[in-house]
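The structure under discussion appears below in the form of structure tokens.
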Amino acid sequence: MKIERRARSLKVVMFTTFYPPHSFGGDAIGVQRMARALAARGHDVTVVHDEDSYRILGGKPQAEGAPDGVRRIGLRSRNGFLSNLLTQQTGRPLVHAARIRALLDEIRPDLIWYNNTSLVGGPGILSCGEGLKLYEAHEHWLVCPTHVLWRHGRELCDGRECLRCVLSYRRPPQLWRYTGYLDRQLDQVDLIVAKSEFSRAKHREFGLRHEMEVLPYFLPDLTSQAAATASHPRPYFLFVGRLEKIKGLQDVFPAIERYPDADLLILGDGDYAVTLKRLAQGNPRIQFLGRKSPEELDAYYRGALGLIVPSVCYETFGIILIESFRLGTPVIARRLGPFPEIVEAAGGGALFGTGDELIAAMRALQHEPGLRAAQSRAARHAFETIWREDRVLAAYGEALARAAHRKGDRALVRQFEAGAFETGAA
């Protein structure tokens, strides 16, 4: 008689600098989605994050979400600036080291999951605790002190000028980056994850000697495709994201001026909002609608001719692309970074490098309904087969099983092979 093996519940501790409600942007939401997905599969998930950095960078208090089965521990100190400065300068969690070690001793996790550790402990946190260790590179922090490979705040980085670049950002240099300390700490990590093939190549190009596996972001599928569509009196294209210069929205405005057939609706906010609104003055077809709830956001995706993604920096992935694909909305993305591999894998959109190419792509989506319908079907199909939650979680389980095998942890290998990340745990 064949005995069916069922995975047991795993203890997971995740470290990240930003985590809702103390967070900006999509990376933290991606961490939260993973934490919730693991908790929903029956695992004991604790997220440890830094609160000081969010407050120092101007973050405003946000309401706690509904209970989701994830234990959240926010680290806060009496002098948050000093705590963050010490971590940034030494690469170690000096202020919170004792508490972090006590938490790990108490929980004794099977899996320690590092995300953006820049201010929650730097590379020093990678040697804390026992268990299988995973580092997920949401940004390019492992090879770039400013995280984004955007040199001097004005151009793509194609070669190291780190000292001058960091000073141009008005940040103190990190001397530990020149000592090999990060490499030695990463030697203690069992699996390092890049979010795209492009990001893996950039890490290698800029000197990371460790192997990386590519595992993308994911989204849970929607329970219904027949939900509301946003009401807007004219056809529109959509921009979603933080309003920062590196997101490239300013480059879209001239194309919208030359293309009167549709509006541009902008969902999001950020430090560059005032400048963008000034640049868009005089064009009523460019509308800033601020932040929206997830339900409202989905409605705007559904109603859009397409999503425009014009980032001028090297992203590691681009969650908004798969948000759009999930709803069958095609994407027009800049031919840069990971966007070509994502759009081409989906067949659900177009790429542009110039204003003329952007206008041509907008015109095709609006005035060639057969083309848009085909791209919409392809986008939805690609989401279901590549980026849906269950697909990606299964790939993580397989990667972690290989990492556990390399480490010689047969018990964990059995758990992942039994589907610990797929159907749930006992």
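Quick note: numbers below take in every heavy atom, side chains included, and nothing from hydrogens, waters or symmetry partners.
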### Message
Can you confirm if the aromatic rings of H381 and F325 lie within a centre distance of less than 6.0 Å?
### Response
no

### Message
Other residues, nucleotides and ligands only: do more than 12 of their heavy atoms fall within 6.0 Å of CZ on R335?
### Response
yes

### Query
What's the spacing between R76 CZ and R55 CZ if we round to 0.5 Å?
4.0 Å

### Query
Y114 and E136: side chain to side chain donor-acceptor pair (under 3.5 Å), yes or no, with the steps?
CA-CA 6 Å; Y114 301 104; E136 188 169 355; over 6 Å; no

#### Entry: Which atom of L215 lies closest to which atom of A395, heavy atoms considered
CD2-CB, 3.8 Å

### Task
Salt-bridge test for R380 and E384: reply yes if a basic N is under 4.0 Å from a carboxylate O, no otherwise.
yes

### Task
Working to the nearest 0.5 Å, report the span between CG of L307 and CG of L265.
11.5 Å

### Worked check of side-chain contact (heavy atoms from CB on, under 4.5 Å) between L103 and V13
CA-CA 9 Å; L103 281 169; V13 174; over 6 Å; no

### Task
Report yes if some heavy atom in the side chain of I112 is under 4.5 Å from a heavy atom in the side chain of M14; otherwise report no.
no

### Message
Just so I know, are the side chains of V48 and L75 near enough to count as touching, which here means a heavy-atom distance under 4.5 Å?
### Response
yes

### Task
Determine the interplanar angle of the H203 and H140 rings, folded into 0 to 90°, and report it as parallel if under 30°, tilted if 30 to 60°, perpendicular if over 60°.
tilted

### Task
Only one of V189, T90, L182, L142 passes side-chain contact (heavy atoms from CB on, under 4.5 Å) with P123; say which it is.
L182

### Task
Could you label the plane-to-plane angle of the F421 and W113 rings as parallel, tilted or perpendicular, counting under 30° as parallel and over 60° as perpendicular?
parallel

### Query
Under 4.5 Å between any side-chain heavy atoms of P109 and L111, yes or no?
no

### Query
Is a salt bridge present between E244 and K247, judged by a nitrogen-to-oxygen distance below 4.0 Å?
no

#### Entry: Side-chain heavy atoms of F317 within contact of W387, under 4.5 Å
yes

### Query
Are E389 and R41 within salt-bridge range, i.e. N to O under 4.0 Å?
yes

#### Entry: Straight-line distance of L412 CG to L132 CG, nearest 0.5 Å
6.0 Å

### Parallel, tilted or perpendicular, as decided by the 30° and 60° cut-offs, for the rings of F198 and Y314
tilted

### Message
Do the side chains of D221 and R391 get close enough for a salt bridge, i.e. N-O under 4.0 angstrom?
### Response
no

#### Entry: Salt bridge D110-K11, side-chain N to carboxylate O under 4.0 Å
no

### Query
Could R334 and E315 be called an ion pair, given the rule that one side-chain N must be under 4.0 Å from one carboxylate O?
no

### Query
Should the heavy atoms of other residues, nucleotides or ligands under 6.0 Å from CG of D271 be counted, would the total exceed 12?
no

### Query
How about R101: does its CZ atom have over 12 heavy atoms from other parts shown lying under 6.0 Å from it?
no

## Note on the structure
Which of L289, L249, V240 passes side-chain contact (heavy atoms from CB on, under 4.5 Å) with I266? Answer is L249

### Message
I'd like to know whether CD of E155 has more than 12 heavy-atom contacts from other residues, nucleotides or ligands below 6.0 angstrom.
### Response
yes

### Query
Between L393 and L38, does a side-chain contact (heavy atoms from CB on, under 4.5 Å) hold up when you go through it step by step?
CA-CA 9 Å; L393 264 291; L38 297 180; 3.8 Å; yes

### Flag if over 12 foreign heavy atoms under 6.0 Å of CZ, R209
yes

### Message
Can you tell me how far apart CD (E398) and CZ (R402) are? Round to the nearest 0.5 Å.
### Response
6.5 Å

### Query
Do the side chains of F15 and I100 get nearer than 4.5 Å, heavy atoms only?
yes

### Task
Report yes or no: do N116 and H138 form a side-chain donor-acceptor pair below 3.5 Å?
no

### Query
Is the F24 to F18 ring centre distance short of 6.0 Å?
yes

### Task
Give a yes/no verdict on a cation-pi contact between K292 and Y300, requiring under 6.0 Å between NZ or CZ and the six-membered ring centre and an angle within 45° of the axis.
no

### Task
First locate atom CD1 of I192, then atom CD of E213, and finally report the distance between them rounded to the nearest 0.5 Å.
10.5 Å

### Task
Compute whether any side-chain donor of one residue and acceptor of the other, for Q185 and Y135, lie under 3.5 angstrom apart.
no

### Cationic N near anionic O, under 4.0 Å, R200 to E197
yes

### Message
Is the positively charged end of R177 above the ring of W141, judged by distance under 6.0 angstrom from the centroid and angle within 45° of the axis?
### Response
yes

## Note on the structure
Between Y54 and Q62 the two heavy atoms that sit nearest each other are OH-NE2, 2.7 Å

### Query
Less than 4.5 Å apart, any side-chain heavy atom of H49 and any of T17?
no

### Query
Think K195 forms a cation-pi with Y217, using NZ or CZ under 6.0 Å from the six-ring centre and within 45 degrees of its axis?
yes

### Task
Verify the neighbour count for atom CZ of R171: are there more than 12 heavy atoms of other residues, nucleotides or ligands below 6.0 Å?
yes

#### Entry: Stepwise side-chain contact (heavy atoms from CB on, under 4.5 Å) check, L149 with L156
CA-CA 6 Å; L149 295 173; L156 292 170; over 6 Å; no

### Task
Go through the steps to decide whether N79 and S77 satisfy the test side chain to side chain donor-acceptor pair (under 3.5 Å), and finish with yes or no.
CA-CA 5 Å; N79 189 326; S77 58; over 6 Å; no

### Query
Is there side-chain contact between H96 and D52, with at least one heavy-atom pair below 4.5 Å?
yes

### Query
Can you find a pair of side-chain heavy atoms, one from F383 and one from R388, that are under 4.5 Å apart?
yes

### Task
Hey, could you give me the NZ/NE2 distance between K60 and H22, rounded to the nearest 0.5 Å?
15.0 Å

#### Entry: E205 and K202 ion-paired at < 4.0 Å
yes

### Task
Could you check H210 against D187 for side chain to side chain donor-acceptor pair (under 3.5 Å), going step by step and ending with a plain yes or no?
CA-CA 8 Å; H210 299 79; D187 286 340; 2.8 Å; yes

### Query
Within a radius of less than 6.0 Å around NE2 of H405, do more than 12 heavy atoms belonging to other residues, nucleotides or ligands occur?
no

### Task
Scan side-chain atoms only and decide if Q174 and Y181 contain a donor-acceptor pair under the 3.5 Å cut-off.
no

### Whether over 12 other heavy atoms sit under 6.0 Å from F81 CZ
no

